Amino acid sequence: MRGASNIAPHNAPEPLHLLTRRGRRGPAYHGGVPSEAPADQRVADLLEGLNEPQRAAVVAGDGPLLILAGAGSGKTRVLTHRIAYLVHTQRARAGELLAITFTNKAAAEMRDRVGMLLGHSTRAMWVMTFHSACARMLRVEAPRLGYTRQFTIYDASDSRRLVKRCLDQLDVDPKRFTPGSVAHQISDAKNKLRSADDYARMVGGHFEQTVADAYKLYERELVRMNAMDFDDLLFRMVNVLELFPEVRARYAATFRHVLVDEYQDTNHAQYRLLQLIAGDHKNLAVVGDDAQSIYSFRGADIRNILDFQDDFPDATVVKLEQNYRSTQTILSASNALIAHNRAQMHKTLWTDQGEGDPVVVRELEDEHAEARYVLGEVQRLVDEGVSLAEIACFYRTNAQSRVLEDALVRAEVPYQVIGGTKFYERAEVKDAISYLTLLANPADAISFTRVANSPKRGIGQTSLSRVLAHAENTGITVWEAADDPAGVPGLATAAIRSLTRFMSTMNDLRERVADDVPMGDLLEAVLSETGYLDALEAERTIEAQGRIENLGELVAVAREFDAAAPPEQDRLDVFLQQTALQSDTDDRKDDAGMVTLMTLHNAKGLEYPIVYMIGCEEGVFPHSRSIDEGTLEEERRLCYVGMTRAMRSLTMTHARQRNVFGSRAYGLPSRFLAEIPPDLVDRQGALTGYANGAGADRGSIRPRAMASWASMRADAAAAATDEKSFRLGDDVLHAAFGEGVVTGVEPGGVVVIRFARDGSERKLMAEYAPISKRG
DNA sequence: CGTAAATGTTTTTTT
DNA sequence: AACATTTACG
């Protein structure tokens, strides 16, 4: 009983536990449709216009349901209609539904569409990402694990910073083991639900031992600072559900129907979470497409979807194969591409919308020519009456957008970039948020160090370390330590004075938090009273002006929050939670007259009439790192995702050379281009330059053994480096590292060399590195 | 303690 | 090439 009402969502009209025990099957089924006349009509409307499998998925009864939804097969439609159907037939109340999406944007969209289908508010419904749902539950349950409700959520850069501090403390050479790689390793472990102790038990090598030590320390620091990283949101929630059966029972009873979108991209922690919540009633409907699994680098485990039928032998399985988005040509090309992958569930997309135009493949001289080409096409299309909003351009890495942006800006073509440098990751925005975070969570040392000397107040590195160390040694929070600077050993008098002034401002601000001041006002007070805004204004640069504008935007966000959220006790906590999990991807505008630019990853779930995929070159796409790490199939799925976004026109370009890392690099056309049947392709542009000399032989580059691709890449790289060319297997001598052997040759004149001395493998620029051939 | 220069790192993709 | 972090010096 205790705390039962706590699980009410912040904006729910009534506590959830009141809703849970009224499980109803709905008024007598008559062939799956309830008898009340108006509801009857609404149900009929819901099923209107759905094809056979879609309808089957919508009306499927209780129990596990697997919907294998190919690209463009209307899965969002099925999900939203199923939710509305469950409510209309009274099999579920709004408050009994938990619907998980991949992004906040997708969640908002789904809530919207369900709202329109239902014709009433969806506030009681939990439609959100895994992370948001967990954060919301943890706001209530975290005290069970020793956290307060004000715990801070660290993003990737925060946790990297903390990992770095841990590594420093352990005297680890940051060159040998970078904070980034260690953080990634820890994240990986958490996604697999491996605690620091679990990890320590399975270490093999030196690197893993270091990670194990860092992991242990990192966890201790997180708890001490009352903070969780992204992965913890899932991990800790699983902990709660496993440790407290009564809590698990409560959520399992509350969420009587669980629906999950993009199931192919769930990781083990998410899988476990679903088991814990839906394991009893098994009313778990998942939608996904194994061919679109593109997040294994973030711990996504494709087995979750491949094994669903093993996990739930009685699962209803529905396949959606009719595509409503693309032309048959685009689908055939995509099908042919993905057929090169081994593990997959068989599925063949088809459409009745006609053949359409061939896929255009275009070779350009370099990235600038590529950008000019896309720009020219955009202008041509606009002349033909196409709206800019119908056009999208995808690329593999964010850095690739720059050249394209230059071209568009110069030609004054409006565009929007999705993702990239994120609003909430900008230094000034993070600073502002860190101030607020520190006000909410006085133990948050990461926020404290970020903010204490920004703007400059004469609290330098040494003073900060002393305060931090003092807090750690005496077991008090950083806030308490800083609030009594005289008590910190070894602090200079100047530093004491600065800290005293700083903390008096902070104490002031904190009182206003207690007074429940609106977020907009609080944020403005923070920015002006800490002198942050003054410092920026004093700079008098265009850059600083931009920052001020960004902060203005943040204040606007806060005011919006004030207007939308009902006044409540822990306003600041809710605001911080929301912003911590917010990403720019969520700010896409559909209706605006702009070309849309984004990474292929961001393109998932979207569709555009006209699509350009640029940078289709070996090393760029597939990315060289994925070639090294043997994750080519995932790259191919990414290519598949990109191609299947296109409705009627798909163009893929590759450049003969481009600037990578500052220097010129030569690239061969992506192998993916060769995997599209030639008769579906219209190759344009210079046909020379294909590594196999088959320029005139359109599309004849067939996938062969890896070795042949590797040597072709080696040839291209060799051409780029003139005299100083290295081949696989060459013995070399390095001025500093000694003897080694060439284990790889990459575009851009990069050679990979394994050194005999310590067995390390390093990537070097052949042209500049002090290496010479031996023997 | 702060600034400026030098040095190193980064570029995969993101909740 | 762009950015972050470290180092040298005032």
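The sequence lines fix the lettering, A, B, ..., with proteins before strands; numbering per chain opens at 1. Heavy-atom basis, side chains included; hydrogens, waters and symmetry copies ignored. Just so we're clear, the structure is a prediction, and the values are computed from it rather than from any experiment.
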Note: A/Asp158-A/Arg450 ion pair, threshold 4.0 Å (strictly below): no

Charged N-O contact under 4.0 Å between A/Glu219 and A/Arg236: yes

On the 0 to 90° scale, with breaks at 30° and 60°, tag the [X]-[Y] ring pair as parallel, tilted or perpendicular.
X: A/Phe621; Y: A/Phe672; answer: perpendicular
X: A/Phe502; Y: A/Phe448; answer: tilted
X: A/Phe151; Y: A/Tyr147; answer: perpendicular

How would you label the contact of [X] with the nucleic acid (heavy atoms, under 4.0 Å): base, sugar-phosphate, or nothing?
X: A/Glu629; value: base
X: A/Phe102; value: sugar-phosphate
X: A/Tyr295; value: sugar-phosphate

A/Asn659 vs C/dA1: side-chain N/O to OP1/OP2 distance below 4.0 Å: no

Stacked pair A/Phe297-B/dT13, distance under 5.5 Å, angle under 30°: yes

Between [atom2] of [N] and [atom1] of [X], the distance in whole Å:
X: A/Asn398; N: C/dC3; atom1: CG; atom2: P; result: 14 Å
X: A/Ile418; N: B/dT15; atom1: CD1; atom2: C1'; result: 17 Å
X: A/Lys604; N: B/dT15; atom1: NZ; atom2: C1'; result: 11 Å
X: A/Asp261; N: B/dT15; atom1: CG; atom2: P; result: 14 Å
X: A/Leu234; N: B/dT14; atom1: CG; atom2: P; result: 18 Å
X: A/Arg402; N: C/dA1; atom1: CZ; atom2: C1'; result: 8 Å
X: A/Asp232; N: B/dT15; atom1: CG; atom2: C1'; result: 13 Å
X: A/Asn191; N: B/dT14; atom1: CG; atom2: P; result: 16 Å

5' priority, DNA chain B, between A/Thr599 and A/Leu464 [closest heavy atom]: A/Leu464

Position toward the 5' end of DNA chain B (nearest nucleotide), A/Ala494 or A/Ala156: A/Ala494

Criterion side chain to side chain donor-acceptor pair (under 3.5 Å) on A/Asp232 and A/Tyr154, from CA distance to verdict: CA-CA 9 Å; A/Asp232 279 336; A/Tyr154 281 168; over 6 Å; no

With the criterion being N/O to N/O and under 3.5 Å, what pairs connect the protein with nucleotides 4-6 of chain C, and how long is each?
from, atom 1, to, atom 2, distance (Å)
C/dT6, OP1, A/Lys164, NZ, 3.0

Worked verdict on A/Tyr218 versus A/Asp229 for side chain to side chain donor-acceptor pair (under 3.5 Å): CA-CA 11 Å; A/Tyr218 173 74; A/Asp229 61 25; 2.8 Å; yes

Salt bridge (charged side-chain N to carboxylate O under 4.0 Å, His left out) against [X], all qualifying residues, sequence neighbours excluded:
X: A/Arg372; value: none
X: A/Glu365; value: A/Arg656
X: A/Glu262; value: A/Lys75, A/Lys604

Between B/dT11 and C/dT6 - C1' atom distance, rounded Å: 22 Å

N/O contacts under 3.5 Å, protein versus nucleotides 7-11 of chain B?
none

Candidate pair A/Thr101 and A/Glu109, rule side chain to side chain contact (heavy atoms under 4.5 Å, CB included), full reasoning: CA-CA 10 Å; A/Thr101 59; A/Glu109 238 167 56; over 6 Å; no

Please list, pair by pair, any protein nitrogen or oxygen found under 3.5 Å from a nitrogen or oxygen in nucleotides 2-6 of chain B.
from, atom 1, to, atom 2, distance (Å)
B/dG2, OP1, A/Gly458, N, 3.0

Student check: side-chain heavy atoms of A/Leu600 and A/Val641 closer than 4.5 Å: no

